[in-house]
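Let me begin by presenting the structure, written as structure tokens, before commenting on it.
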Amino acid sequence: MKQKLVINQLSPALRKAFATVDKAKKGYVEAKDLETIFTTMGTAFDIDDLNETIKRVDSEQDGKINFDKFVTIASNFLQEDDEETITNELREAFRLYDKEGNGYITTQTLKEILRELDNKLSESDLNEIIDEIDEDGKGKVDFEGFRELMI
């Protein structure tokens, strides 16, 4: 479903790198700027591979790379974090929303997180995700449920 998109958009580094170049908030960056972005991020890449990936992903061939296309391109060059690193990052994110330290967040809070991560998710999509993760219907999601959804 759309969970893959949600997972991709979790990366604050990618969002920040994209926003740094898209200062005018046009919603896209120029394909020629990707080399600079990846270099700034410290991402290893071969320029020919980058150009080939851009051609493959930029189906309109207009040189305008929106965030979703950027994530697709970047996923070809970023090293995958190990599971422990991902779990630690997710645990930290979970703690930010579990302000009282109860060990859970409400499904309403989770819905707000998902809405922030992907404003294209419809109310129906959000409810479907929540129903999937809140099997017992108690309106609460513990860290393991949150982790499972995000991974």
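Numbers here simply count residues along the sequence, with the first being 1.
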Does atom NZ of K140 have more than 12 heavy-atom neighbours from other groups under 6.0 Å away?
no
Let me check something: do L34 and F45 share a hydrophobic cluster, defined by ILVMFWY side-chain heavy atoms less than 4.5 Å apart, either directly or through other members?
yes
Under 3.5 Å, is there a donor-acceptor pair between the side chain of D136 and the main chain of K138?
yes
Hey, what do you get for CG (D134) to CG (L149), rounding to the nearest 0.5 Å?
11.5 Å
Are I129 and F94 connected, step by step, through hydrophobic side chains (Ile, Leu, Val, Met, Phe, Trp, Tyr) whose heavy atoms are closer than 4.5 Å?
yes
Decide whether T109 and T106 meet the rule of one side-chain donor and one side-chain acceptor closer than 3.5 Å.
yes
Would you compute the distance between atom NZ of K26 and atom CG of N66 and round it to the nearest 0.5 angstrom?
13.0 Å
Considering only heavy atoms from C-beta outward, does the side chain of M150 approach that of L114 to under 4.5 Å?
yes
F143 side, atom CZ; Y97 side, atom OH - distance, nearest 0.5 Å
14.5 Å
Does N127 form a side-chain contact (heavy atoms from CB on, under 4.5 Å) with K111? I'd like the steps, not just the answer.
CA-CA 8 Å; N127 289 333; K111 199 182 262 191; 2.6 Å; yes
Hey, could you give me the CD1/CG distance between I65 and D68, rounded to the nearest 0.5 Å?
11.5 Å
Between K64 and K69, is the side-chain contact (heavy atoms from CB on, under 4.5 Å) condition met? List the steps.
CA-CA 9 Å; K64 296 178 180 178; K69 289 179 183 176; over 6 Å; no
What's the separation between atom CG in L126 and atom CZ in R115, rounded to the nearest 0.5 Å?
5.0 Å
Would you kindly confirm whether I37 and I47 end up in one hydrophobic cluster when ILVMFWY residues are joined by side chain heavy atoms under 4.5 Å apart?
yes
Check whether D22 reaches the backbone of F18 with its side chain - one donor and one acceptor, N or O, closer than 3.5 Å.
no
About how many Å separate CD1 of I54 and CG of D49, when rounded to the nearest 0.5 Å?
11.0 Å
Heavy-atom donor-acceptor pair, D125 side chain to S122 backbone, under 3.5 Å:
yes
Given 3.5 Å as the limit, does a donor-acceptor pair link the side chain of Q61 with the main chain of D58, or not?
yes
Could you state whether Y28 and V71 fall into the same hydrophobic cluster, counting links through intermediate Ile, Leu, Val, Met, Phe, Trp or Tyr residues with side-chain heavy atoms under 4.5 angstrom apart?
no
